Amino acid sequence: MRLYVNGIGTLGPGLIGWKETRAVLAGASPYRETARPEPTASILPPNEHRRSSTIVRWAVHVAQEAIEQAQVNPRKVATVFASSCGETGVLDRLCTALATPQRVISPTLFHHSVHNAAAGYWGIATGSQQSSTALACNDSSFCAALLEAAAYAHIEESLVLLVAYDLPPPLPLYIARPLREGFAAAFVLAGTPVDHSLAQLDLNLSDDLSGDVTNMEDAGLEALRSGNPAARSLPLLAAVAGHQATCVCLEYLEDQRLLIQVTPCQS
Amino acid sequence: MKLKKPAKKPLVLSAYTVVTALGKGLEPTYAALRSRRSGLRPCDFEDVGIKTYIGRADGLEDLPVGSGSITKGLEQFDCRNNRLALLGLQQDGFTQAAIEARERYGTHRVAVILGTSTSGILVTEHAYRERDPQTGALPASFISRYRYTHNMFSLAHFVRAYLSLQGPAMVISTACSSSAKAFATASRFIEAGFCDAAIVGGVDSLCLTTLYGFGALELMSSGPCRPCDEDRDGLTLGEAAGFALLEKAERAAHAGAVALLGYGESCDGYHMSHPHPEGAGAIRAMQGALLRSGLNPRDIDYINLHGTATRANDSIEDKAVHSVFGSSIPCSSTKGWTGHTLGAAGITEAVIAAICLTRGFIPGTLNTTRVDSSLRSSVLLKNQEQPVRRVLSNIFGFGGNNCSLILGTV
């Protein structure tokens, strides 16, 4: 199944925005793990910006960058949001309140606890009424989202915005799911190319587990990739940044692989 | 909604089942619908001190996953949500049908695409009461099983492990529309060739988060919910597990088989918990389902409403339904039987639609005595015996996430 990447957004320590990320992943500048960046997510109206959780702003921030780069109207783009853990900060506050004798929880906190909170905020910010799917597949959440986005782009003949995002949960949940650092990446994907397409992707799902899963050469980037489900997108981002034809192999659960033949487009 | 291609070949639901407060499987569900026996009861869930009703599935407290030979080795998945999933898998020969599909297509060719809104959150709610007073740490027994219980993928992980499947999998979590959207995604996965068949559906189980959360939003009725009633005052929460095996018609169709004819997905792009005032997203979802199925509004025999019995949902859904279908098609909500099963509402009501199609009847809205006079759709209060060939089912959720399904017989 063939897909085109028309825009990318990224946010992570030392990987703020596609321009910086591309330079790092193409080897033009060294990777330096900085402090965790703050998302701006300026597309959110002030009230929504104030109400939203940090992780919602991470997701919206990269979505906004990818959409602007792809030069498309977000109201015409369906979305797939993928997060392994979702709103762990909100869940921590809810479970803390529910463990008190009074069990008083705020209504706002409750409706912010849904896994599709980021998708909902993106819809509110853009006014988009296109389909939106929020999904989870543990460490393979990005892979599952890429399949859903590819199928959607072809079968519904629509542009698709894929957003993968995960933040380390706060303590005490962190011990149960110790994610390393925060990372978010967004891709505007289409079934047909445009002038400014960045890369062509040919996706093949395989049950042949004999080949190696693509890792990151740099130890810091590899730690990020293996420690955050959204950062499982790093090998694909690196392949696009490298601007050379290459094959990326992603692990899809324990029993499958997603092979992506990446071919650069003119731009 | 852009749709350039003509209607697709429908996918057949070659096996399906549901467990709700009405009982285990199709027979008790049908019997309760026919006899107009509600599954709702005064809230007796744990020590919840809220004056409300709930639709609780019986017996989950005594059915740990991993206790019998069938689930040996799956102990780590034990939580209320997966217990309910297991109970669902064991009804109406569903497990056997799934195993046959696995043998027919291969372990890698059967996908597991399920919806849930809160997964196994109840274990985390309990664990937060047992935090170490000095360090604040959660119990070690919780930490080691978090991945298999509360983690959002746990449900699909468990079902995949139980059925020994190795195909594509994911959990869709778009609040109440989760398990309706599983049908759409699975349909695309089969069409894209990622798999040949898919286990779809979903599970949501009672927990403190939703009981106290909907209480805080003041969206919960103190009595059993009364959808579309003049005096409706909120929803009643329920729990459910439901599954369907989706296959291509070429392999599984037979006269009278129930099929997914169309789906429509949309967002409101308006508010996190309040529907779009004109029902714009709901209209878009219904029109999308009609377009995909190649049907006209008059081809629909019955509309199973989302019908949660909140003031806003029922009146805005009515506006949307009326603008697409006018006022001639019988509509009803079945939430008065099952309660709102949240992420499992899509599969629960898809299975109810299948029951209507195969048994030839339409359930009238339960608990409702006087239909809100401002509603313009044709809200049915009494059960009606009639042939039913096509049902549209509406599911709308938080985050303004909507999905409509059309099921019919082939």
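Below, read A as the first sequence line, B as the second, and so on, with proteins coming before strands; counting in each chain starts at 1. All values derive from a computational prediction rather than experimental measurement.
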Could you measure the distance from the CG atom of A:Leu253 to the NE2 atom of B:His157? Nearest 0.5 Å is fine. 8.0 Å
When the aromatic ring centroids of A:Phe110 and B:Tyr212 are compared, is their separation below 6.0 Å? no
Side chain, backbone, both or neither: which part of B:Ser187 has a non-hydrogen atom closer than 4.5 Å to chain A? neither
Best-contacting candidate, B:Gly136, B:Gly115, B:Gly343, B:Gly167, against chain A by heavy atom pairs under 4.5 angstrom: B:Gly167
With side chain to side chain contact (heavy atoms under 4.5 Å, CB included) as the test, would you mind laying out the steps for B:Arg129 and A:Leu98 before giving the verdict? CA-CA 8 Å; B:Arg129 294 181 197 161; A:Leu98 289 170; over 6 Å; no
Sort A:Ser128 into side chain, backbone, both or neither according to what part of it lies under 4.5 angstrom from a heavy atom of chain B. backbone
Proximity breakdown for A:Ile105 and chain B, heavy-atom pairs closer than 4.5 Å: both
Find the one option among B:Gly193, B:Gly400, B:Pro168, B:Ser273 whose heavy-atom pairs under 4.5 Å with chain A are most numerous. B:Pro168
Of the listed A:Gly123, A:Cys95, A:Gly120, A:Ala99, the one with the largest count of heavy-atom pairs under 4.5 Å with chain B is A:Cys95
Do A:Leu135 and B:Met152 come within less than 4.5 Å of each other through their side chains, counting heavy atoms only? no
Interatomic spacing from OG in B:Ser154 to CG in A:Asn138 - rounded to 0.5 Å: 9.5 Å
Looking at every heavy atom in both B:His108 and A:Gln256, which two are closest together, and how far apart are they? CD2-CG, 3.8 Å
Could you look at B:His276 and say if it's the side chain, the backbone, both or neither that has a heavy atom under 4.5 Å from chain A? side chain
Heavy atoms from other residues, nucleotides or ligands near CZ of B:Arg131 exceed 12 (cutoff 6.0 Å): yes
Heavy-atom pairs under 4.5 Å with chain B: which of A:Thr126, A:Val114, A:Asp207 has the most? A:Asp207
Can you check whether B:Arg292 reaches A:Glu156 side chain to side chain, under 4.5 Å on heavy atoms? yes
Keeping the roles fixed (side chain from B:Lys181, backbone from A:Ala134), state whether a donor-acceptor pair exists under 3.5 Å. no
Decide, yes or no, whether a salt bridge links A:Asp255 with B:Arg160 under the criterion of side-chain N to carboxylate O below 4.0 Å. yes
Portion of A:Glu254 that has a non-hydrogen atom of chain B nearer than 4.5 angstrom: side chain
Chain B shares the most heavy-atom pairs under 4.5 Å, among A:Arg103, A:Met1, A:Arg75, with A:Arg103
Distance-only side-chain donor-acceptor flag, B:Ser173 / A:His115, under 3.5 Å: no
Interface moiety of A:Ala117 toward chain B, non-hydrogen atoms closer than 4.5 Å: both
Can a donor-acceptor pair be found between the side chains of A:Glu148 and B:Thr185 at a distance below 3.5 Å? yes
Which residue out of A:Ala176, A:Ala119, A:Pro172, A:Ala118 racks up the most heavy-atom pairs below 4.5 Å with chain B? A:Pro172
Looking only at heavy atoms, the pair that brings B:Phe153 and A:Ala136 closest together is CD1-O, 3.5 Å
What part of A:Ser84 gets closer than 4.5 Å to chain B, counting heavy atoms only: side chain, backbone, both or neither? both
OH of B:Tyr128 to OG1 of A:Thr96: how many Å apart, nearest 0.5 Å? 5.0 Å
Measuring only between side-chain heavy atoms, which start at C-beta, is A:Cys85 closer than 4.5 Å to B:Tyr146? yes
Which portion of A:Phe81 sits near chain B, non-hydrogen atoms under 4.5 angstrom: neither
Taking atom CD of B:Glu125 and atom CG of A:Leu94, what is their separation to the nearest 0.5 Å? 8.5 Å
Can you check whether B:Asp268 reaches A:Gln129 side chain to side chain, under 4.5 Å on heavy atoms? no
Using non-hydrogen atoms and a 4.5 Å limit, figure out which bit of B:Phe142 sits close to chain A: side chain, backbone, both or neither. side chain
Counting heavy-atom pairs under 4.5 Å with chain A, the top scorer among B:Thr210, B:Thr124, B:Thr209, B:Leu219 is B:Thr209
Side chain, backbone, both or neither: which part of A:Asn204 has a non-hydrogen atom closer than 4.5 Å to chain B? neither
Which of the residues A:Asp92, A:Leu171, A:Leu258 is involved in the greatest number of heavy-atom pairs with chain B at under 4.5 angstrom? A:Asp92
Under 4.5 Å from any heavy atom of chain A, what part of B:Ile121 do you find: side chain, backbone, both or neither? side chain
Between B:Asp47 and chain A, which part of the residue has a heavy atom less than 4.5 Å away: side chain, backbone, both or neither? both
Heavy-atom pairs under 4.5 Å with chain B: which of A:Leu147, A:Thr100, A:Leu173, A:Ile175 has the most? A:Leu147
Between chain A and each of B:Met170, B:His126, B:Arg145, B:Met272, count heavy-atom pairs under 4.5 Å; write down the option with the most. B:Met272
If I compare all heavy atoms of A:Ile155 with all of B:Glu191, which pair ends up nearest, and what's the gap? CG2-OE1, 3.4 Å
Output the distance between atom SG (A:Cys137) and atom CD1 (B:Ile172), rounded to the nearest 0.5 Å. 11.0 Å
Side-chain touch A:Gln130/B:Arg284, heavy atoms, less than 4.5 angstrom: yes
Shorter than 4.5 Å, heavy atoms on both sides: which option in B:Ser117, B:Gly49, B:Ala192 has the most such pairs with chain A? B:Ala192
What distance do A:Ser131 atom OG and B:Asn402 atom CG have between them, rounded to the nearest 0.5 Å? 10.0 Å
Of the non-hydrogen atoms in B:Ala169 and A:Tyr252, which two are nearest, and what is the gap between them? O-OH, 2.6 Å
Give the minimum heavy-atom separation between B:Ala175 and A:Asn116, together with the two atoms involved. N-OD1, 3.5 Å
Over all heavy atoms of both residues, which pair between B:Thr174 and A:Ser132 is shortest? Give the atoms and the distance, please. CG2-O, 3.9 Å
